[in-house]
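First the proteins, then the strands, lettered A, B, ... as listed; each starts at 1.
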Number of protein chains: 2
Amino acid sequence: MRDVTIGEAARESGVKVTTIRFYEERGLLSAPPRSEGGQRLYGAKDVARLRFIRHARDLGFDMAALSDLLELAGHPDAPCAHADRLAEARLEDVRRRIAALQGLEKELERMLSACRSGTVESCAVMESLSDHAHCDGPHDTDALKG
Amino acid sequence: MRDVTIGEAARESGVKVTTIRFYEERGLLSAPPRSEGGQRLYGAKDVARLRFIRHARDLGFDMAALSDLLELAGHPDAPCAHADRLAEARLEDVRRRIAALQGLEKELERMLSACRSGTVESCAVMESLSDHAHCDGPHDTDALKG
DNA sequence: ATAGCATCTACAGTGACTGTAGGGGCAAGC
DNA sequence: GCTTGCCCCTACAGTCACTGTAGATGCTAT
């Protein structure tokens, strides 16, 4: 378990140097020992923890959930129901986001397919944005001009 | 075109009171006239502009794109190619996010379906997070934001 | 006149970083 | 030994698009 500098830990884990220091400040990572010159020295466990963090962040877990997950990781004998719940909450959130984005995709497609590259006045994109029929309330396209 | 207070403008447009003031500060909305008591007074055009802003924000346009769109809205004779490009960029971004999130959805589903509610040590969720095999490729962390 | 909500300004806080300024550490080449 | 050049250090400001707060004032209804 040789020690590596923050730069190498960054390269190995895929977490940026500044972000590693930020995680240390936020307590996601404990402060590592330092070299005589004051540089941080990381071992293999730290790098593994960084990779864990990065993977979880990539999956959309926020830092609060990450704290929980890292706490759990330190207690392998505990029941995993908690981790399970966190993952389920993530999955629900991801599905909600997908549904919302697919709605946007449809609306943007509709806007673009109707665009005839004329002037702004008759542009479907602008009309679409002025038209709040898909949100709520009345619309008044003319009121925006001038 | 009767004038309304910020509260009513908020109700009619669906943009919160504080957010309206924030937009004014950022120049998305020009400073409206005031009542004798110093309260902001909005006309129908302002409310329409707020609805336009809200709709565009809902569709994921950021404030820089919004400035462009609002500028365009003021020049109805200009060609609409610019608005078109903005919408296309939005659509591409939305599709990238959807693809990224569907990847996450699959991974989370896999994690959860393998979880036997045992201990953390054998929990598929934790294993999955520790295992970086599924995430070596280039990453699009942005896909998770917003 | 009073109650009670709406509005005002000004500023701090959010999440998860990113960027900058101004310095010091460290290995290689001269 | 000295310089070059990259890596690292701390501390703090900036990002985005708001949200929240405090304390004062305006407006409306009773």
Side-chain angles (χ1 to χ4, degrees), chain A residues 2-29 31-42 46-47 50 52-70 89-90 93 97 100, chain B residues 2-29 31-42 46-47 50 52-70 90 93 97 139-146:
Chain A
R2 82 195 184 298
D3 288 338
V4 298
T5 62
I6 198 170
E8 196 169 337
R11 247 167 280 126
E12 287 179 20
S13 64
V15 180
K16 287 186 187 169
V17 169
T18 43
T19 306
I20 294 176
R21 285 198 280 252
F22 169 73
Y23 286 159
E24 179 183 326
E25 195 200 311
R26 292 305 175 87
L28 246 52
L29 219 58
R34 305 280 185 122
S35 72
E36 292 196 356
Q39 303 193 195
R40 289 170 177 80
L41 294 174
Y42 296 97
D46 301 308
V47 174
L50 280 169
F52 183 100
I53 290 172
R54 186 190 158 207
H55 195 179
R57 290 285 305 125
D58 282 347
L59 285 170
F61 291 89
D62 64 14
M63 289 180 72
L66 257 167
S67 286
D68 285 4
L69 287 169
L70 286 164
R90 263 300 62 218
D93 183 49
R97 282 163 193 259
Chain B
R2 81 195 185 297
D3 287 338
V4 298
T5 62
I6 197 169
E8 195 168 338
R11 247 168 279 123
E12 286 179 22
S13 64
V15 180
K16 288 185 188 169
V17 168
T18 44
T19 306
I20 293 176
R21 286 197 280 253
F22 170 72
Y23 286 159
E24 179 184 326
E25 194 200 312
R26 291 306 176 88
L28 245 54
L29 219 59
R34 305 281 185 126
S35 71
E36 292 196 357
Q39 303 192 198
R40 291 170 176 82
L41 294 175
Y42 296 96
D46 301 307
V47 174
L50 281 168
F52 183 99
I53 291 171
R54 189 194 155 203
H55 195 179
R57 290 284 307 124
D58 282 348
L59 285 170
F61 291 88
D62 63 13
M63 288 180 74
L66 257 167
S67 287
D68 286 3
L69 287 169
L70 286 164
R90 266 296 66 219
D93 184 49
R97 283 165 194 258
H139 275 267
D140 185 8
T141 311
D142 280 351
L144 292 164
K145 299 172 186 166

**Q** Who are the side chain to side chain contact (heavy atoms under 4.5 Å, CB included) partners of Arg11(A), not counting sequence neighbours?
**A** Glu8(A)
**Q** Can a side chain N or O of Thr5(A) be found less than 4.0 Å away from OP1 or OP2 on dC8(D)?
**A** yes
**Q** Picking from dC18(D), dA16(C), dC8(D), which would you name as closest to the side chain of Ile6(A)?
**A** dC8(D)
**Q** Restricting both atoms to N or O, compile the protein contacts to nucleotides 9-11 of chain C shorter than 3.5 Å, with distance only.
**A**
from	atom 1	to	atom 2	distance (Å)
dT9(C)	OP1	Arg34(B)	NH1	3.1
dT9(C)	OP1	Arg34(B)	NH2	2.9
dT9(C)	OP2	Arg40(B)	NH1	2.9
dT9(C)	OP2	Arg40(B)	NH2	3.0

**Q** Please compare Ala64(B) and Gly37(B) by the position of their nearest nucleotide in DNA chain D and report the one closer to 5'.
**A** Ala64(B)
**Q** Between dC5(C) atom P and Glu8(B) atom CD, what is the distance in whole Å?
**A** 18 Å
**Q** Under 4.0 Å: is that the gap between some side-chain N or O of Tyr23(A) and OP1 or OP2 of dA16(C)?
**A** no
**Q** May I have the distance from Phe22(A) (atom CZ) to dC17(C) (atom C1'), rounded to whole angstrom?
**A** 5 Å
**Q** Is the distance from OP1 or OP2 of dT7(C) to the nearest side-chain N or O of Thr18(B) less than 4.0 Å?
**A** no
**Q** According to side chain to side chain contact (heavy atoms under 4.5 Å, CB included), who are the partners of Val15(B), at least two apart in sequence or on a separate chain?
**A** Ser13(B), Thr19(B), Ile20(B), Tyr23(B), Leu50(B), Arg54(B)
**Q** Between Glu24(A) (CD) and dA16(C) (P), how many Å, whole number?
**A** 18 Å
**Q** Run the side chain to side chain contact (heavy atoms under 4.5 Å, CB included) test against Ser35(B) and tell me which residues pass, sequence neighbours left out.
**A** Gln39(B), Leu41(B)
**Q** Expressed as a whole number of angstroms, how long is the span from Tyr42(A):OH to dC7(D):P?
**A** 16 Å
**Q** To check you understand the geometry: which heavy-atom pair defines the closest contact between Leu66(B) and Phe61(B), and what is its length?
**A** CD1-O, 4.4 Å
**Q** So which nucleotide from dA16(C), dT18(C), dC18(D) ends up closest to the side chain of Thr19(A)?
**A** dT18(C)
**Q** Using atom CD of Gln39(B) as one end and atom C1' of dC8(C) as the other, report the distance to the nearest whole Å.
**A** 8 Å
